[in-house]
Protein chains: 2
Amino acid sequence: MSTVTPRQRQIVLRERPTGVIGPSTTEVVEGPIPTCGESQALVRVGLLSIDPTIRTWMDDAPGYLPPIGLGRVVRSMGAGVVVESRHADYRVGDVVTGVTGWQEYAIADDRHPFTVVPPGLGLDLPTVLNVLGTTGLTAYFGLRDVGRFTAGDVVLVSGAAGATGSVVGQLARAGGASRVIGVAGGPEKCALAIEEFGYDACIDYRRDDVRRALGSFAPNGVDLFFDNVGGAMLESGLDAMARHGRVVLCGAIDQYNATSPVPGPRNLTLAIFRRLTLRGFIVFDFADRYAEAQIELAGLVRAGDLRHREDLTPGLDAAPGVLAGLFRGENRGKALVVVDPDVTLD
Amino acid sequence: MSTVTPRQRQIVLRERPTGVIGPSTTEVVEGPIPTCGESQALVRVGLLSIDPTIRTWMDDAPGYLPPIGLGRVVRSMGAGVVVESRHADYRVGDVVTGVTGWQEYAIADDRHPFTVVPPGLGLDLPTVLNVLGTTGLTAYFGLRDVGRFTAGDVVLVSGAAGATGSVVGQLARAGGASRVIGVAGGPEKCALAIEEFGYDACIDYRRDDVRRALGSFAPNGVDLFFDNVGGAMLESGLDAMARHGRVVLCGAIDQYNATSPVPGPRNLTLAIFRRLTLRGFIVFDFADRYAEAQIELAGLVRAGDLRHREDLTPGLDAAPGVLAGLFRGENRGKALVVVDPDVTLD
């Protein structure tokens with residue numbers, strides 16, 4: 001555990017980006033470490049979860065959370081350790097996850113609660129932040145509750161080798177999908193999807209004709225399409241849907257950096273003819289059921305039935321670059337930034 | 001009841017239309033009246049239901065039913081009377097509804113069954129074909145089963161004064177919607193929606209700024225959007241949705257005549273942020289529950305709680321023109337073509 005210093009470094013939003021974030025989007029600033037007031041705990045941040053959705057919070061546009069204010073610390077999930085506590089729920093030494101922001105220290109209180117990681121999980125902290133964090137939870141609730149996954153389904157996952165997609169594919173496989181088809185960018189990711197994450201097939205959207213490949217891999221159509229990408233991928237996926245198919249609208253990474261409105265799928269009328277259901281969701285809505293999912297996900301990891309990868313980059317300052325890299329497909333596994341390597345689960 | 005003549009007139013598909021149907025799309029031909037074989041009944045057609053969906057069947061494109069073959073009678077719902085029967089389910093004199101096609105006589109058998117209209121309904125045949133036919137049934141199942149309508153919902157209906165929309169609006173009102181907002185083309189239809197069909201407000205998409213009007217009529221958002229139109233209307237409606245809102249994709253009349261793919265809604269990412277469900281459906285999927293709906297719909301009509309309008313045009317030959325007129329918004333109420341005025345319910 002690191003020593004508490006009187007000042008901390010933070011990354012704030014300096015200007016709203018147009019398109020991909022750049023050097024002038026954020027700024028590293030120094031500020032005092034917040035004082036731990038009554039009914040608060042001070043958290044030393046160890047790890048940051050770098051998620052595509054952070055990009056959506058930088059726009060001054062209606063979203064599912066208010067935009068990050070200019071000059072404010074960039075909102076982010078993360079993990080840390082309690083170094084001081086005046087709150088009954090947190091004890092010094094507790095490892096916690098929550099909205100840390102891109103900074104070295106954060107305050108936990110009833111308005112901004114953190115979740116204490118239970119001891120004895122048998123998992124390391126990057127795994128917890130990935131599989132038991134919003135990534136794994138998004139896969140879990142998206143597939144089961146939003147997509148109403150049923151054994152026997154033909155499942156299609158875009159972003160198949162990505163943090164969320166890789167969990168979706170494995171949960172579908174473990175749950176008895178009749179076929180799990182992925183779409184990913186490049187031969188390396190496709191190989192990863194098949195060899196590491198157990199996909200039956202993976203389409204390389206950069207090289208393959210996605211529509212034709214789907215026709216061959218899913219000749220009777222796709223029952224459940226878990227879409228992390230949006231845009232042209234969503235349109236190709238819709239074309240491949242079976243009657244009464246379900247489309248989980250999880251992410252639209254293709255659109256988060258768009259500088260003008262992106263045309264929607266030209267084939268949405270298919271949703272009528274084929275009786276499709278398209279459903280969007282935000283994992284936070286399932287917060288009261290995180291615990292049940294985490295128990296199951298942790299069990300799958302310990303049993304070796306859920307493989308996962310974390311892509312660790314050292315140093316708080318790396319966060320903006322790692323976020324930008326997500327949209328170029330640079331990460332291999334869940335992108336995490338290590339703010340303090342001494343924050344670990346024993 | 002008319003006399004059976006040895007030959008009949010039929011309207012067949014001559015060529016696949018590009019865009020709106022024209023004079024060369026269909027052709028009136030003469031053919032023999034089909035012979036009533038073993039386990040068949042011969043139906044004298046009285047009324048045709050002219051529905052926008054007929055246009056989709058004319059394309060050689062994947063739909064929810066096979067395309068109408070070139071040279072084949074145009075597929076259409078309709079009503080008629082049994083004039084000869086060698087089938088236990090049909091007696092001479094029974095009034096029936098089903099897929100009559102654009103012709104004077106049709107065959108009913110186990111592969112192409114018709115529904116016998118029960119006696120004593122207290123409704124005339126045009127009303128039966130409208131409110132108790134696919135139009136009313138589409139409104140009923142679309143609102144309740146697909147849209148999961150709940151009392152208190154703020155409901156938005158496009159094509160508000162149309163055949164389906166007018167029933168949707170009234171069912172929502174009768175079911176305790178907190179507000180029922182319509183969108184229609186022109187002041188006459190808007191007045192009809194409010195005065196005749198009980199809408200709280202109706203937006204004239206030709207004159208009003210739909211987005212702004214929705215912001216004022218539904219300041220807290222729309223819970224249930226029943227879309228008969230598609231295209232730009234769907235996009236505007238999505239913008240107005242409340243969190244966890246439901247969008248019923250019933251029709252896309254704006255797109256059925258498109259000669260190139262129509263861009264989808266540019267704001268579909270909202271479905272993620274606002275946790276929307278978009279669901280397409282075809283009323284035929286609910287066929288095993290038609291009876292329950294028809295009992296309820298008939299009761300509402302008899303009680304004066306469900307107003308309806310039929311727009312009758314005489315003569316089989318009028319059918320193509322009436323179909324084309326639907327897309328110009330020419331009909332006032334449910335478009336029906338009278339093939340034989342003597343076919344009635346007593």
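So that the names make sense, note that chain A is the first sequence line, chain B the second, and so on, each numbered from 1. Note: hydrogens, waters and symmetry copies are ignored here, and every other heavy atom, side chains too, is used.
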Enquirer: Distance check, rounded to the nearest 0.5 Å: F273(B) atom CZ versus L249(A) atom CG?
Expert: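 Here the interatomic distance stands at 11.5 Å.
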
Enquirer: If you measure from CD on E235(B) to CG on L268(A), what distance do you get to the nearest 0.5 Å?
Expert: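 The CG atom of L268(A) is 11.5 Å from CD of E235(B), to the nearest 0.5 Å.
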
Enquirer: So for T53(B), is it side chain, backbone, both, or neither that comes closer than 4.5 Å to the heavy atoms of chain A?
Expert: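 Neither; nothing under 4.5 Å.
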
Enquirer: Around R16(B), counting heavy atoms of other residues, nucleotides and ligands shown, do more than 12 lie under 6.0 Å from its CZ?
Expert: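 Yes, because the 6.0 Å sphere around CZ of R16(B) holds more than 12 heavy atoms from other groups.
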
Enquirer: Any donor-acceptor pair under 3.5 Å linking the side chain of R274(A) with the backbone of G63(B)?
Expert: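 Answer holds: no.
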
Enquirer: Mind checking whether R279(A) and R279(B) have side chains closer than 4.5 Å, heavy atoms only?
Expert: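 Contact flag for R279(A)/R279(B) side chains = yes.
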
Enquirer: Is there a side-chain contact (heavy atoms from CB on, under 4.5 Å) between R266(B) and V262(A)? Walk through the geometry before answering.
Expert: CA-CA 5 Å; R266(B) 290 169 297 182; V262(A) 177; over 6 Å; no

Enquirer: Is it the backbone or the side chain of L234(B) that comes under 4.5 Å from a heavy atom of chain A, or both, or neither?
Expert: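 When you check distances to chain A, only side chain atoms of L234(B) fall under 4.5 Å.
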
Enquirer: Heavy-atom distances under 4.5 Å only: say whether R243(B) touches chain A with side chain, backbone, both or neither.
Expert: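 Interface part for R243(B): side chain.
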
Enquirer: Please assess T277(A) against T277(B) for the test side-chain contact (heavy atoms from CB on, under 4.5 Å), listing each intermediate value before the final yes or no.
Expert: CA-CA 7 Å; T277(A) 299; T277(B) 300; 3.7 Å; yes

Enquirer: Atom CZ of residue position R212(B) - does it have more than 12 heavy atoms of other residues, nucleotides or ligands inside 6.0 Å?
Expert: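 Open: at most 12 neighbouring heavy atoms sit under 6.0 Å from CZ of R212(B).
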
Enquirer: Find the distance between CD1 (I272(A)) and CD1 (I282(B)) and round it off to the nearest 0.5 Å.
Expert: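 Result: 7.0 Å between the selected atoms.
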
Enquirer: To the nearest 0.5 Å, tell me how far H244(A) NE2 sits from F281(B) CZ.
Expert: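 Answer for the NE2-CZ pair, H244(A) versus F281(B), is 12.0 Å.
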
